[in-house]
Novice: 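The structure under discussion is supplied below as structure tokens; questions concerning it will follow.
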There are 2 protein chains.
Amino acid sequence: MAVDSFFEALASRPRREILAYLSAQELTAGEIASRFAMSAPAISRHLSVLEGAGLVSSERRGQYVVYRLNKDNLVNTLTGFAFEICPKAGPLKRESRRLARKES
Amino acid sequence: MAVDSFFEALASRPRREILAYLSAQELTAGEIASRFAMSAPAISRHLSVLEGAGLVSSERRGQYVVYRLNKDNLVNTLTGFAFEICPKAGPLKRESRRLARKES
DNA sequence: TATATATTTAGCAACTTCGTTAATTGCTTA
DNA sequence: TAAGCAATTAACGAAGTTGCTAAATATATA
């Protein structure tokens with residue numbers, strides 16, 4: 001299920017930090033790795049987990065691979081989950097209803 | 001960090017299903033366990049993970065222990081995270097801003 | 001072609017999680 | 001007190017995750 005890999009991907013501090021970096025701008029794998037005290041192979045694996053969950057996309061550009069955040073998928077999955085758990089109350093209420101209408 | 005245990009707790013399908021059950025009503029540990037094809041001790045451990053993350057609260061009532069969902073904490077943490085990653089766009093924008101104002 | 005840089009894949013050890021059964025603790029009631 | 005039900009803790013093995021280094025793959029450039 002999509003929501004499984006989604007929450008699995010978010011259950012890691014370095015992966016959430018990668019998302020935070022990518023929220024500001026696209027970055028190459030190397031640029032991301034340079035921001036962590038961790039080997040490039042370890043970062044590469046985190047990136048593939050994030051990509052498998054649909055949270056980021058990658059594109060090869062010459063000898064570099066550029067990663068970018070999939071904001072829509074992140075926000076929609078998060079909102080859908082919140083709606084499933086809290087259908088009738090809480091701050092997400094209005095936005096969730098709007099989203100549900102849009103998708104039906 | 002709180003967000004660590006929060007996402008760790010959500011990274012489990014049975015735990016997310018427990019939250020879904022509790023979104024409708026309070027339930028005792030035994031009532032929750034009876035809804036799963038899993039031993040009571042396993043459910044008990046899942047419940048303690050959820051409680052450690054602040055997602056549910058428990059109260060002993062006679063020989064039973066009743067669990068209930070902490071909706072506010074769930075929605076606020078989810079919204080806070082979405083706001084951190086997607087500060088300027090997406091369907092959560094308006095609600096997130098509202099929440100940020102309210103908490104400052 | 002040969003060399004250098006960027007990235008990913010492979011193989012490995014340490015650690016954590018998950019579910020099981022058995023034992024323990026907490027509460028109620030005869 | 002003793003018996004019974006509810007729930008948790010303990011102890012265990014199976015399986016997965018995480019990080020490392022070394023090796024392989026891609027692309028650019030002399």
Novice: Specify the separation, in whole Å, of atom CD1 of A:Ile18 and atom C1' of C:dT7.
Specialist: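 Value for this atom pair: 14 Å.
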Novice: Heavy atoms, side chains only, cut-off 4.5 Å: are B:Leu10 and B:Leu55 in contact?
Specialist: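 Of all side-chain heavy-atom pairs linking B:Leu55 with B:Leu10, at least one is under 4.5 Å.
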Novice: Do A:Ile18 and A:Val65 sit in the same hydrophobic cluster, where Ile, Leu, Val, Met, Phe, Trp and Tyr count as joined when their side-chain heavy atoms come under 4.5 Å apart?
Specialist: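 Same cluster.
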Novice: What is the separation between atom CZ on B:Arg16 and atom P on C:dC18, rounded to the nearest whole Å?
Specialist: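 Rounded to the whole Å, the gap is 11 Å.
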Novice: If you check the A:Arg60 side chain, which of C:dC18, C:dG26, D:dT27 turns out closest?
Specialist: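 Selected nucleotide (nearest to the side chain): D:dT27.
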Novice: Verify side-chain contact (heavy atoms from CB on, under 4.5 Å) between B:Met38 and B:His46, making sure each step is shown before the conclusion.
Specialist: CA-CA 11 Å; B:Met38 198 184 295; B:His46 283 307; 3.9 Å; yes
Novice: Just checking B:Phe36: base, sugar-phosphate only, or nothing, at a heavy-atom cut-off of under 4.0 Å?
Specialist: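 No contact at all - B:Phe36 keeps every heavy atom at 4.0 Å or more from the nucleic acid.
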Novice: Which residue lies toward the 5' end of DNA chain D, A:Ala11 or A:Pro41, if each is placed at its nearest nucleotide?
Specialist: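 By nearest-heavy-atom nucleotide position, the 5'-most residue is A:Ala11.
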Novice: State yes or no: do A:Phe36 and A:Leu47 share one hydrophobic cluster built from I, L, V, M, F, W and Y residues joined by side-chain heavy-atom distances below 4.5 Å, directly or via other members?
Specialist: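 Hydrophobic grouping puts A:Phe36 with A:Leu47.
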Novice: How would you label the contact of B:Arg15 with the nucleic acid (heavy atoms, under 4.0 Å): base, sugar-phosphate, or nothing?
Specialist: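 Sugar-phosphate contact only.
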Novice: Taking atom P of D:dT17 as reference, at what distance in whole Å does atom CG of A:Asp4 sit?
Specialist: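 After rounding, the reported distance stands at 12 Å.
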Novice: Among the candidates D:dA7, D:dT21, D:dA26, find the nucleotide nearest to the side-chain atoms of A:Ser39.
Specialist: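 Side chain of A:Ser39 sits closest to D:dT21.
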Novice: Side chain of A:Gln63, base of C:dT5: donor and acceptor closer than 3.5 Å?
Specialist: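 In this structure, the two groups form a donor-acceptor pair.
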Novice: Give the rounded distance in Å between these two atoms: OH of B:Tyr64 and C1' of C:dT29.
Specialist: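 So the two atoms are 13 Å apart, to the nearest Å.
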Novice: If the helix axis at each end comes from five base pairs, how far does the helix from C:dT1-D:dA30 to C:dA30-D:dT1 deviate from straight, to 10°?
Specialist: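 That helix gives 10° between its end axes.
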Novice: On DNA chain D, nearest-nucleotide positions of A:Pro14 versus B:Tyr67: which is more 5'?
Specialist: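 Whichever sits nearer the 5' end wins; that is B:Tyr67.
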Novice: Taking side chain as C-beta onward, heavy atoms only, is A:Glu31 less than 4.5 Å from A:Gln25?
Specialist: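 Counting from C-beta outward, A:Glu31 and A:Gln25 never come under 4.5 Å.
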Novice: Considering all heavy atoms of both residues, which atom of B:Thr77 and which atom of B:Val3 are nearest to each other, and what is their separation?
Specialist: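 Of all heavy-atom pairs spanning B:Thr77 and B:Val3, the closest is CG2-CG2, 4.1 Å.
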Novice: Using whole Å, report how far CD of B:Glu31 lies from C1' of D:dA6.
Specialist: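 Nearest whole value for this atom pair: 12 Å.
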Novice: Starting from P on C:dT28, measure out to CZ on B:Arg61 and report it in whole angstrom.
Specialist: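 Answer to the nearest Å: 13 Å.
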Novice: How close or far is atom C1' of D:dT18 from atom CD of A:Glu8, stated in whole angstroms?
Specialist: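 These atoms are roughly 12 Å apart.
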Novice: Quick one: does any side-chain atom of B:Arg15 pair with a main-chain N or O of B:Glu8 as donor and acceptor, under 3.5 Å?
Specialist: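 Looks like yes, one N/O pair under 3.5 Å.
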Novice: Compute the ring centroids of A:Phe6 and A:Phe81, then answer whether they are less than 6.0 Å apart.
Specialist: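 No.
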Novice: Can B:Val49 be reached from A:Ile85 by stepping across I, L, V, M, F, W or Y side chains whose heavy atoms are under 4.5 Å apart?
Specialist: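 In one cluster: no.
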Novice: Check the phosphate of C:dA6 against A:Thr28, side-chain N and O only, distance under 4.0 Å to OP1 or OP2. Yes or no?
Specialist: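 No.
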Novice: For residues 42-55 of chain A, which residues have at least one heavy atom under 4.0 Å from DNA chain C?
Specialist: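 Residues of residues 42-55 of chain A under 4.0 Å from DNA chain C: A:Ser44, A:Arg45.
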Novice: If you round to the nearest 0.5 Å, how far is CD1 of B:Ile32 from CD of B:Glu17?
Specialist: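 These two atoms lie 12.0 Å from each other.
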